[in-house]
Each structure stands twice: as C-alpha cells, then as structure tokens.
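The structure appears below as structure tokens.
Values below: every heavy atom of this structure, side chains too, minus hydrogens, waters and symmetry copies.
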Amino acid sequence: MKIVFATNNAHKLDEIRKISKDQLDILSLTDINCHEDIPETGDTLQENALIKAKYVKDKFGLDSFADDTGLEVEALNNAPGIYSARFAGENCDSEDNMRKLLHDLKGVENRNARFRTVIALILNGETHYFEGEISGEIIDAKRGNNGFGYDPIFMPDGYDKTFGELSEEIKNKLSHRAIATQKLVTFLLQQKENK
C-alpha cells in the first residue's frame, strides 16, 4: 500500500517509517515532486492536518495523511498550540522557540504541558482522524540533544528525562506522535488485509 505523508519534515518521516516498521510504503512530498510549502491556515490541529492531506489528494490524486502537532502549556492558555513551529516568529528555529517559551515561563510555578498530535487521513475518498497526547512539564533549561522541536525542555510524566534525553526507541513508543501513528498504522494495515 502506497500512501503519501504530506510533510517535508525529515524527522517526522523517519519517525513514522520506524513506527510502521516499513510495513507500508510511505512517500514524502519530495517523492511525489511536491515542493510547495502547504499553508496551514486552520484554527485547530485537526483543520491544519486536513488542509495538508486534502492538498495532496486534490492536486496529485493520491491517498495521503498529514499531521499537525502542538505543544500546549497550561499556564499560557494552551499556547503555543497550533503556532508551536512559529512561536518566536516566522523565520524562527527550535532554539528561538525554546528560548521564548522558557522566557515566558520565567517565575511561573505551573509548568504543566502536553503534546498533542492529530493525523488526518484521506483514504478511498473518506476522511479519518487519529489523535495522540502525552502530558508532562516544561523544565527550566534544555537537557539532551535527541529529538527535535521542544524535546529538550519537555519531560513526560513518569520519567526523569526529557524527550531530548530519552532514546529514540523509548520516545517512539510513548510520544504523542507515536500514539497517533500507531492508531493510523493499525488502521492502514487492517485496510491492507481487507483488500
């Protein structure tokens, strides 16, 4: 079964291929010669994920899925949320985003946060959603070099290490994206068997 993952993020692509243990043929946007930056104009993770999957279906006629992930920090009214990738501004990187978040939380006691991922899948003309969530807290300073995004400052509940310190193997079992992806992969493999 060939399916397009509507992303240009090599980390996400690698992660999902590992989670699916290569049981599915997952193509990237580059693989289908789609080099556009698909605008995320939705107000929710669900809307943004659907916009990206729909773009591929409409323009290339291929079944596809896309995800949108947000870090929601309780003390900041669930910000950065859908703006997680651009929290520090349009041309920012992960370092800028982490710096801004740590600055915004300076002196704040409530450090509760959660990562949420929503995957929108368009398959055989039908839309399906898969969600994953993991709770934790934002620590005071970066720890670890693994992962990407906010991983070095997010410590999941029940662990004394950040996503940036945990091995890829452990993170790929418990992360928000892993949970949503596992649901997606299980669904796709069932569809594959039913064919």
Side-chain angles (χ1 to χ4, degrees), residues 1-20 24-73 76 78-101 104 114-123 125-133 145-154 163-164 168 171-172 175-181 184-185 188:
M1 176 187 281
K2 279 190 181 188
I3 191 149
V4 179
F5 183 9
T7 188
N8 282 315
N9 185 319
H11 292 291
K12 286 184 181 181
L13 197 61
D14 186 48
E15 199 174 67
I16 206 157
R17 283 178 173 156
K18 282 181 176 145
I19 291 167
S20 70
L24 301 164
D25 191 1
I26 300 170
L27 305 174
S28 69
L29 290 176
T30 306
D31 293 332
I32 61 166
N33 285 321
C34 176
H35 303 289
E36 294 86 38
D37 199 13
I38 304 168
E40 297 178 24
T41 54
D43 293 325
T44 64
L45 297 174
Q46 195 166 327
E47 284 176 18
N48 280 337
L50 183 59
I51 287 167
K52 292 183 278 190
K54 203 166 166 356
Y55 183 90
V56 171
K57 183 66 178 169
D58 292 348
K59 188 157 185 187
F60 296 89
L62 300 167
D63 284 340
S64 69
F65 66 91
D67 80 314
D68 199 22
T69 294
L71 174 66
E72 299 176 346
V73 180
L76 302 178
N78 290 332
I82 61 168
Y83 304 107
S84 293
R86 305 176 295 284
F87 190 46
E90 274 309 310
N91 297 313
C92 66
D93 62 16
S94 296
E95 292 296 321
D96 299 327
N97 287 332
M98 282 189 280
R99 250 192 314 278
K100 176 170 170 39
L101 184 59
D104 289 358
R114 65 181 182 169
F115 268 120
R116 281 183 58 228
T117 292
V118 177
I119 297 175
L121 165 70
I122 298 175
L123 183 69
E126 290 181 9
T127 303
H128 307 270
Y129 293 98
F130 307 89
E131 291 192 35
E133 182 181 304
N145 298 312
N146 297 335
F148 58 99
Y150 297 91
D151 287 356
I153 59 171
F154 180 82
F163 269 176
E168 194 176 272
K171 188 189 159 198
N172 282 353
S175 81
H176 47 293
R177 190 172 296 106
I179 294 164
T181 301
L184 168 76
V185 169
L188 288 173

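- Annotation: side chain of Leu29 is in contact with side chain of Ile38 (closest heavy-atom distance under 4.5 Å).
- Using a 4.5 Å cut-off on side-chain heavy atoms (C-beta onward), Met98 and Pro152 make contact.
- When all heavy atoms of Asp43 and Glu47 are compared, the closest pair comes out as N-OE1, 2.8 Å.
- Side-chain atoms of Asn78 do not come within 3.5 Å of backbone N or O of Glu72 as any donor-acceptor pair.
- Taking 4.5 Å as the limit, every side-chain heavy atom of Asp63 sits out of range of all side-chain heavy atoms of Leu121.
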The test is side chain to side chain contact (heavy atoms under 4.5 Å, CB included); show your working for Val4 and Phe60 and say whether it passes. CA-CA 10 Å; Val4 179; Phe60 296 89; over 6 Å; no
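- When the side-chain hydrogen bond (donor to acceptor under 3.5 Å, both in side chains) test is applied to Asp67, the partners found at least two apart in sequence or on another chain are Lys12, Thr69, Arg177.
- Between the CG atom of Leu184 and the CD1 atom of Ile3 there is a distance of 7.0 Å, given to the nearest 0.5 Å.
- Side-chain atoms of Ile51 and Thr41, non-hydrogen and from C-beta on, do get closer than 4.5 Å to each other.
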Residue pair Ile26, Leu13: steps toward the side chain to side chain contact (heavy atoms under 4.5 Å, CB included) verdict: CA-CA 8 Å; Ile26 300 170; Leu13 197 61; 4.2 Å; yes
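- What you find for Ala66 and Lys52 is that their closest heavy atoms are CB-CB, 3.5 Å.
- Atom CD1 of Ile32 sits about 7.5 Å away from atom CG of Leu27, to the nearest 0.5 Å.
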Dump the intermediate steps for side chain to side chain contact (heavy atoms under 4.5 Å, CB included) on Leu50 and Ile122, then the final yes or no. CA-CA 8 Å; Leu50 183 59; Ile122 298 175; 4.2 Å; yes
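- Counting non-hydrogen atoms of neighbouring residues, nucleotides and ligands closer than 6.0 angstrom, the CG atom of Asp37 reaches no more than 12 such neighbours.
- Across every non-hydrogen atom of Cys92 and Phe87, the tightest pair is SG-N, 4.3 Å.
- By the 4.5 Å heavy-atom criterion applied to side chains, Ser28 and Asn8 are not counted as neighbours.
- A heavy-atom distance below 4.5 Å is not found between the side chains of Glu131 and Glu133.
- The shortest distance between side-chain heavy atoms of Asp96 and Arg99 falls below 4.5 Å.
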One pair to check against side chain to side chain contact (heavy atoms under 4.5 Å, CB included): Leu123 and Leu188. What are the steps and the verdict? CA-CA 9 Å; Leu123 183 69; Leu188 288 173; 4.0 Å; yes
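- A 4.5 Å side-chain heavy-atom check between Leu45 and Thr117 finds every atom pair outside the cut-off.
- When all heavy atoms of Pro80 and Val73 are compared, the pair lying nearest together is CD-CG2, 4.2 Å.
- For CZ of Phe148, the number of neighbouring non-hydrogen atoms (other residues, nucleotides, ligands) closer than 6.0 Å is greater than 12.
- Rounding to the nearest 0.5 angstrom, the gap separating the CZ atom in Phe130 from the OG1 atom in Thr181 is 10.5 Å.
- Under the 30°/60° scheme for interplanar angles, the aromatic rings of Phe163 and His176 are found to lie parallel.
- A donor atom on one side chain and an acceptor atom on the other are not found under 3.5 Å apart for Ser94 and Asn97.
- Relative orientation of the Phe5 and Phe65 rings is parallel, given thresholds of 30° and 60° on the angle between their planes.
- Using modelled atom types, one side-chain atom of Ser84 and one backbone atom of Leu71 make a donor-acceptor pair closer than 3.5 Å.
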